[in-house]
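Shown next, in structure tokens, is the structure this report addresses.
Every number for a ligand or one of its atoms is a count from 1 in the order of the listing.
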Amino acid sequence: MNLLLCVTVVLVSVEYSFGANILGVVPTPSVSHQVVFWPLWKELSLRGHKVTVITTDPMNNAKLQNLTEIDLHSAYQFFNLNIFQVTERPMFEIMYDYADILSNMLDHILTNDEVQHIIKDDTTHYDVVMVEAFHTAAFAFASRFKCPLILLSSLDGSSFAYREIGNPAHPILHPDFMLPFHNELTFTQRLASTGNILFTKFIQKYFFLPPQQKLVEKHFGTGYPMIEDIFKNYSMFFVNTNRFLHPIRPLLPNIIQIGGGTHLQKRAILPENLQNVLDNARNGVIYFSLGSNVKSKHLSDDTRLEILETFKELPYTVLWKFENENLPNISENVIISKWFPQQDVLRHPNVKLFITQGGLQSLEETIFSHVPIIGIPVMADQMSNIANAVSKGLGLSLDYKNIRKEDFKSAILTVIQNPRYRSKVKEMASLIQDQPETGLHRAVWWTEYVIRHGGAPYMRNPGIDLPWYQYYLLDIIGFVLLISTVVIFVTVVLWKTAVKVNRVFKHYVKVKVT
Ligand SMILES: *[C@@H]1O[C@H](CO)[C@@H](O)[C@H](O)[C@H]1NC(C)=O
Ligand SMILES: *[C@@H]1O[C@H](CO)[C@@H](O)[C@H](O)[C@H]1NC(C)=O
Ligand SMILES: *[C@@H]1O[C@H](CO)[C@@H](O)[C@H](O)[C@H]1NC(C)=O
């Protein structure tokens with residue numbers, strides 16, 4: 001047995017002893033966007049590749065000698081927003097500002113000395129560049145090193161990205177994850193989802209891509225291809241989805257689902273006081289966090305009071321991730337902290353409920369810990385994540401604009417007291433875990449595949465190169481309509497003529513007989 005193991009290890013290390021140069025670019029200043037790829041960078045570097053990552057949240061793990069992290073934590077200054085105020089504004093305005101924020105942030109990142117050194121250094125070649133798909137100017141790294149491009153998303157792919165690379169993204173079966181629609185859409189929702197295709201195409205073309213193209217010219221130089229062309233030239237797209245948490249959709253062979261708990265870390269020891277609180281909470285614990293982007297301290301005063309009043313009436317201990325030092329009017333059973341070791345808190349057997357904004361990583365953590373949810377979604381993919389989770393029976397959802405003590409309390413008691421919710425969560429966890437290999441394994445394997453073969457352009461959908469009127473069969477439909485019209489017209493004319501001839505003939509016969 002041991003011998004067999006040794007042989008396998010030798011074989012594996014021989015097979016992968018080609019040690020490639022890999023460049024990762026994950027510019028979004030948000031932990032949830034970064035943690036999904038941490039295990040990937042770690043694993044690739046442990047397999048003997050030289051990995052360089054531009055990131056806002058480095059792991060700083062001294063044991064990973066082959067991993068170089070360029071720390072751009074400073075990019076957080078661009079994302080310091082009150083999300084509740086942002087979502088109040090009209091969609092068009094939000095998008096307009098967001099395009100601005102994205103390009104200012106990437107400008108900041110590309111200006112960094114170490115990043116400039118990578119761009120200008122002629123002595124280093126990269127075998128593959130892996131870029132978070134939102135940051136389109138960074139695709140230029142692939143052109144700079146004339147190497148294959150792997151796109152990354154810590155969420156599902158946006159409908160825009162899917163369509164750009166030629167993967168079907170049907171507006172009714174697969175509405176964009178930013179739209180709060182799910183399952184059977186009403187006519188108005190179908191109309192909105194279809195309109196959204198044109199809306200996103202329009203804002204991408206006129207608001208998002210031009211400033212990014214300018215960044216390419218500013219930081220990489222002239223003579224680079226158009227971003228849309230580099231986009232279409234991608235080799236792989238890694239999306240953090242799995243077939244149970246996300247709507248079923250057809251996927252091209254070069255779109256790899258790396259989801260299903262990829263970011264989960266090994267169980268760690270809890271701080272002693274927290275461990276005591278959790279152990280001693282006889283009636284159970286509610287864990288409440290709106291994640292890292294949406295801040296509880298930005299909730300309106302009214303909502304905060306309703307929430308505190310609700311907690312006051314409950315027999316449970318509440319751990320609330322709250323970003324200020326003090327929270328007035330707090331009752332004895334509520335403990336606030338700016339940060340909790342969320343994965344390990346959720347794993348504690350006394351935790352009965354997770355009140356969450358519905359970020360994808362939070363949902364995966366709660367599912368794997370078998371804790372049911374109350375979703376209070378605020379932005380981005382949270383609405384569709386929660387709608388999906390609720391439709392699968394994992395819990396209930398509430399509208400953050402309208403949280404009233406009676407509804408909140410009754411929702412909490414329902415989810416905690418009805419065992420149906422927890423058993424649905426367990427069922428979902430076992431479905432997700434039952435797969436031939438992990439998402440991380442798939443990500444590593446396909447990255448090395450791209451390196452071994454210098455890209456995978458033959459896996460792209462040929463439909464990408466078709467003119468849109470051909471793709472949507474408009475010329476065929478037009479032709480068939482035209483021919484049908486001509487046939488019907490000719491038939492009608494012939495028929496009318498025949499009737500007329502017949503009448504004249506009958507008249508003639510009648511005249512002759514009389
Ligand atoms: C670093 O990569 C080399 C091969 O390039 C490998 O021999 C070594 O074990 C790697 N070190 C670590 C700590 O992963
Ligand atoms: C497309 O990718 C290949 C490598 O996979 C590269 O050689 C080529 O220059 C790229 N073309 C564009 C327009 O980016
Ligand atoms: C505390 O609660 C009372 C009502 O229960 C309210 O009048 C008061 O404004 C609250 N204080 C703060 C600081 O929110």
Task: Partners meeting ring pair (Phe, Tyr, Trp, His ring centres under 6.0 Å) with Tyr96 (sequence neighbours left out) - done: Phe207
Open item on the list: Suppose the criterion is ring pair (Phe, Tyr, Trp, His ring centres under 6.0 Å): which pairs have a residue in residues 110-131, not counting sequence neighbours?
Closed with: Tyr126-Phe145
Starting from the N and O atoms of ligand 1, collect every protein N/O partner closer than 3.5 Å and put each pair on its own line with the distance to 0.1 Å.
from     : atom 1 : to    : atom 2 : distance (Å)
ligand 1 : 2 (O)  : Asn66 : OD1    : 3.4
ligand 1 : 2 (O)  : Asn66 : ND2    : 2.2
ligand 1 : 5 (O)  : Gly48 : O      : 3.2
ligand 1 : 11 (N) : Asn66 : ND2    : 3.1

TODO: Identify the two heavy atoms, one from Ile165 and one from Tyr234, that lie closest to each other, and give their separation to 0.1 Å.
DONE: CB-CE2, 3.4 Å
- [ ] With sequence neighbours excluded, give me every salt bridge (Lys or Arg N to Asp or Glu O under 4.0 Å) pair touching residues 238-259.
- [x] Asp156-Arg249
Task: Pi-cation contact, Trp445 with Arg452 (under 6.0 Å, within 45°) - done: yes
Task: Heavy-atom pair with the smallest gap, counting every atom of Asp176 and Ser159 - done: OD1-N, 2.7 Å
